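Here you go, one structure.
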Amino acid sequence: MKFRGKIAESACMRQFANIIVTLARLSKLCVVRFTKDFIYFIIVEENVTVGKPMVWSVLEQTHFFNEYSMTGVSEDQNEIYLEFETDVMAKSLSSLRVSHGAKSVKMKLTNKKSPCLTFEIQLSELSHSRFCVHDIPVSVIPRKEWTALQEPVVPNYDVSIQLPGLKLIRTVAERMKSLSSHIVLLANHEGALILKVETPEATVSTHFKNLIMENSGGDEENTEEFFSARIDIRKFVQFLTSEQVNPSKVVCNIVDDKMVAMFLINEDIIMHYFLPAVAA
Amino acid sequence: MSILSQNADVEDDCLFEAYLDSVKNISVLLKAVNFKDNGICFATDKGLKVTVEDSKCVQASAFIQREVFQHYTLNDEQVVFKVNISVLVECLNIFGGSATALKMCYQGYGFPLTLLLEEGGVITDCSIRTLEAEEILDFNFSAANVLNKIILRSECLKEVFAELDTSSDLIEILLSPDPPYFRITTAGTAGDTKIDIPKNSDMIETFQCTTLATSRYKLSHVKPSSKSLAVSQKVSIRTDDRGLLCFQYMIPADNHTCFIEYCCTPVADIDGEYDE
């Protein structure tokens, strides 16, 4: 197994680091899967049934890397799956988020007593170059465990609605977090989205109107009908910090009473975040 | 004008209804008295008063006079209800900013307090449970019994409070027409600390002291008043013949001044020298 890559554009370095920081907010552990053309970040929920990743994110490697070469576990399975600690990687890449913080970053799969993903960051300095090397320990995931990490089957959503702007939704959701541990998301086919918390002390609902619908299969007749799911508010707020990867679109998909699937896209990355519904 | 004020379906059976262009001022005032979760709201034709009490020794009331509201309707002499002020403050700040418009409505005993908040076309509606409003203490602090009164700039008292020895159980306040005029004393693990402010200090605007009077209060009872102090411009300190301490804070609210009153009962002297 071999992997080496180099990112030399500052915007690409910053975006890559932002992605890792976002993942670090969502979970302590993450799987990275390298293929010839794509890089996947996969987070699987601890107690969930087989084959249901919580986060599924895909990057086109050509959008980030100036140099990229890999050799997978075998010829017909030309892929590498590694598990790493997100906050360790996020901290190592912090210089990439600062403007003029780094000139380039090289990534290599190495073996330093145990497998590591080694980052070699060339720091910008006036006359000389300094290098900063980070060895991030990784565990190689054996092939027999790959099936649990496959692309999730996207269910038929009852409603898919575009979020207006993550910043306002995040402000409201963070306030609601101090009132309750769970939040209900409701949406209908008329472009209405409601965030709601309900406790013995108070019921608070925030209404967004005239939002753009995504094409979704389903009953188009009863457009006023709301579909909803009650989810963990902390996880929802953690997802909203993905604002820093600058998405061009964020869609909230709901399967009534079953789950909320957040979908984020911009030209470099797509990310799915699945949140199961929690009974009241 | 917010779309809330154009909202046609006004509840005619609302005993109390009020509208504000911005929640900024009411939020500041409520946060300042929010040292306990629950508070009792009194809506009268003069305005809205919110009172928070602790262990029958401390009472803080925030007054928002009706002139501060853009609309204020009361369909009864006085409307009283008890709510969780912490929850109320979170709701008022749901949009984070200060450009939030508010409409509040209370239909009467047994009904929740309803709020409609709006910012940038997005509306949040809140329904907050009301509780049985029990009797609040009437400290009966009347002007007639005031022995000593001083009005000073808040920044002065802020500095004093910041210096207070928090290892001290008690805080002693001395006011007198003679030196040392105004003295605050604490007795902590490291020793006694005395802070004197002479009456001719340019921080003191009014000095009306008739009698030498010293009283002690639990520091834990006085400390919560710093929230009100922090947002005020001026503060008046009054003590009466029972040693009751009353702070009155003047808080700017656009073109008005709102008040918070904070009263605290003294600790009885061990030697029994307590003035009746």
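Both backbone and side-chain heavy atoms feed into the values below; hydrogens, waters and symmetry mates do not. The chains referred to below are lettered A, B, ... by the order of the sequence lines, with proteins before strands, and numbering in each begins at 1. Worth saying up front: this structure is predicted, and the values here are computed from it rather than measured.
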Worksheet item: Considering residues, nucleotides and ligands other than B:Leu131, do more than 12 of their heavy atoms fall under 6.0 Å from its CG?
Response: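 Yes - once you tally the heavy atoms of other residues, nucleotides and ligands closer than 6.0 Å, there are more than 12.
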
Fill in: B:Ile94 CD1 to A:Ser178 OG distance, which is reported to the nearest 0.5 Å
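One finds 7.5 Å between CD1 of B:Ile94 and OG of A:Ser178.
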
Worksheet item: What do you reckon, is NZ of B:Lys234 surrounded by more than 12 foreign heavy atoms closer than 6.0 Å?
Response: no

Worksheet entry | Close side-chain approach of A:His207 and B:Asp125, heavy atoms under 4.5 Å |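 When only atoms from C-beta onward are counted, B:Asp125 and A:His207 do touch, with a gap below 4.5 Å.
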
Worksheet item: Is B:Gln65 atom CD crowded by more than 12 heavy atoms from other residues, nucleotides or ligands, each under 6.0 Å away?
Response: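 Enclosed.
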
Practice prompt. Enter the distance from B:Ile123:CD1 to A:Thr206:OG1 here, rounded to the nearest 0.5 Å.
Written response: 10.0 Å

Worksheet item: Does A:Val204 reach the side chain of B:Thr124, with side-chain heavy atoms less than 4.5 Å apart?
Response: yes

Fill in: B:Lys218 atom NZ: more than 12 heavy-atom contacts under 6.0 Å
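Not buried by this count: 12 neighbours or fewer within 6.0 Å.
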
Worksheet item: Which answer fits A:Pro200, side chain, backbone, both or neither, if we ask what part of it has an atom under 4.5 Å from a heavy atom of chain B?
Response: backbone

Item to complete: Give the member of A:Glu198, A:Glu201, A:Lys196 that has the highest number of heavy-atom pairs under 4.5 Å with chain B.
Response: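 Heavy-atom pair counts peak at A:Glu201.
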
Worksheet item: Does A:Arg175 use its side chain to pair, donor to acceptor, with the backbone of B:Gly96 at less than 3.5 Å?
Response: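 A pair under 3.5 Å: no.
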
Discussion item. Between A:Ala173, A:Ser205, A:Ala202, who has the most heavy-atom pairs with chain B when the cutoff is under 4.5 Å?
Written reply: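 Greatest number of close heavy-atom pairs with chain B: A:Ser205.
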
Fill in: Side chain / backbone / both / neither for A:Thr171 at chain B, heavy atoms under 4.5 Å
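Both backbone and side chain.
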
Item to complete: Report, as yes or no, whether the 6.0 Å neighbourhood of atom NZ on B:Lys82 holds more than 12 heavy atoms from other residues, nucleotides or ligands.
Response: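 Yes, because the 6.0 Å sphere around NZ of B:Lys82 holds more than 12 heavy atoms from other groups.
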
